[in-house]
Amino acid sequence: MSYFYGATFLFSGLFLINMLFSYQNKHIDPAFWATLKYQIFAFPLFLIANMLIGYGIKFGFKAIQNLTFVLVTSKGIEIVISVLMGYLFFKEVPTWKTLLGFSIMIVGIIVSKIK
């Protein structure tokens, strides 16, 4: 069950935080006061996202007993979410370079897991 909780919390927290920053980048004026106002209003969501990420790492570590693997996997999840946010908010279509980079990460995770 820790696997499920860890993956769900990590994905939810990373999705939320990337969504908040993507929204800010596309819709919020980069002027100081507009950015500050957005950050203040979004603070509860940032807090929730950080709590989800923290508990996702905690449950992932509890399930796997390898913090490095949990953190590397969370970065992989974050890259997938970043590609998704790029498409949803900016209509950026991933190129072959994105696929190549992600493939290198997958191979690295597999190599790091081999004993």
Side-chain angles (χ1 to χ4, degrees):
M1 203 60 165
S2 292
Y3 287 106
F4 176 74
Y5 287 146
T8 303
F9 289 164
L10 265 176
F11 184 84
S12 301
L14 291 169
F15 187 86
L16 181 58
I17 209 153
N18 278 286
M19 185 180 66
L20 289 168
F21 281 125
S22 297
Y23 181 85
Q24 176 183 344
N25 193 30
K26 182 162 184 164
H27 297 291
I28 305 299
D29 183 33
F32 177 77
W33 293 112
T35 303
L36 180 64
K37 181 180 172 185
Y38 173 75
Q39 290 290 325
I40 289 171
F41 286 135
F43 178 76
L45 296 174
F46 280 109
L47 179 65
I48 291 167
N50 282 321
M51 293 288 290
L52 286 168
I53 292 168
Y55 276 106
I57 291 170
K58 181 177 181 168
F59 282 115
F61 179 71
K62 183 179 177 184
I64 297 174
Q65 297 296 316
N66 187 341
L67 185 61
T68 303
F69 184 74
V70 172
L71 294 175
V72 169
T73 304
S74 73
K75 289 299 171 193
I77 293 169
E78 186 170 12
I79 289 173
V80 170
I81 291 170
S82 296
V83 170
L84 179 64
M85 290 299 141
Y87 180 75
L88 291 176
F89 281 92
F90 303 106
K91 302 302 181 222
E92 294 175 357
V93 178
T95 64
W96 66 271
K97 295 176 191 175
T98 308
L99 181 60
L100 177 64
F102 194 66
S103 300
I104 290 170
M105 283 187 53
I106 297 293
V107 169
I109 291 171
I110 292 169
V111 168
S112 74
K113 196 61 179 162
I114 296 173
K115 294 186 180 193

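We number each residue from 1, following the sequence as shown.
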Is there side-chain contact between [X] and [Y], with at least one heavy-atom pair below 4.5 Å?
{"X": "Y38", "Y": "Q24", "answer": "yes"}
{"X": "F15", "Y": "M85", "answer": "yes"}
{"X": "Y3", "Y": "I64", "answer": "yes"}
{"X": "I79", "Y": "F102", "answer": "yes"}
{"X": "T73", "Y": "V70", "answer": "no"}
{"X": "I110", "Y": "I106", "answer": "yes"}
{"X": "I57", "Y": "L10", "answer": "yes"}

Which value, rounded to the nearest 0.5 Å, describes the distance between [X] atom [atom1] and [Y] atom [atom2]?
{"X": "F9", "Y": "I53", "atom1": "CZ", "atom2": "CD1", "result": "12.5 Å"}
{"X": "M51", "Y": "I48", "atom1": "CE", "atom2": "CD1", "result": "9.5 Å"}
{"X": "T8", "Y": "M1", "atom1": "OG1", "atom2": "CE", "result": "8.5 Å"}

Report yes or no: do [X] and [Y] belong to one cluster of Ile/Leu/Val/Met/Phe/Trp/Tyr joined by side chain heavy-atom distances under 4.5 Å?
{"X": "L99", "Y": "Y87", "result": "no"}
{"X": "V72", "Y": "F69", "result": "yes"}
{"X": "L100", "Y": "V93", "result": "no"}

Minimum heavy-atom distance [X]-[Y], with the two atoms named:
{"X": "L16", "Y": "L45", "value": "CD2-O, 3.4 Å"}
{"X": "K26", "Y": "F90", "value": "CB-CE2, 3.8 Å"}
{"X": "A34", "Y": "I28", "value": "O-CG2, 3.7 Å"}
{"X": "G13", "Y": "L52", "value": "CA-CB, 3.7 Å"}
{"X": "I77", "Y": "F11", "value": "CG2-CD1, 3.9 Å"}
{"X": "S74", "Y": "L14", "value": "O-CD1, 3.5 Å"}

Residue K91 excluded, over 12 heavy atoms near NZ under 6.0 Å: yes
Residue F46 excluded, over 12 heavy atoms near CZ under 6.0 Å: yes
Step-by-step side chain to side chain contact (heavy atoms under 4.5 Å, CB included) determination, L47 to N50: CA-CA 5 Å; L47 179 65; N50 282 321; 5.6 Å; no
Whether N25 side chain and F21 backbone form a donor-acceptor pair below 3.5 Å: no
Ring-ring centroid check Y5 Y55, cutoff 6.0 Å: no
Test log, rule side chain to side chain contact (heavy atoms under 4.5 Å, CB included), inputs M19 and F89: CA-CA 9 Å; M19 185 180 66; F89 281 92; 4.0 Å; yes
Plane angle bin for H27 and Y23 - parallel if under 30°, tilted between 30 and 60°, otherwise perpendicular: tilted
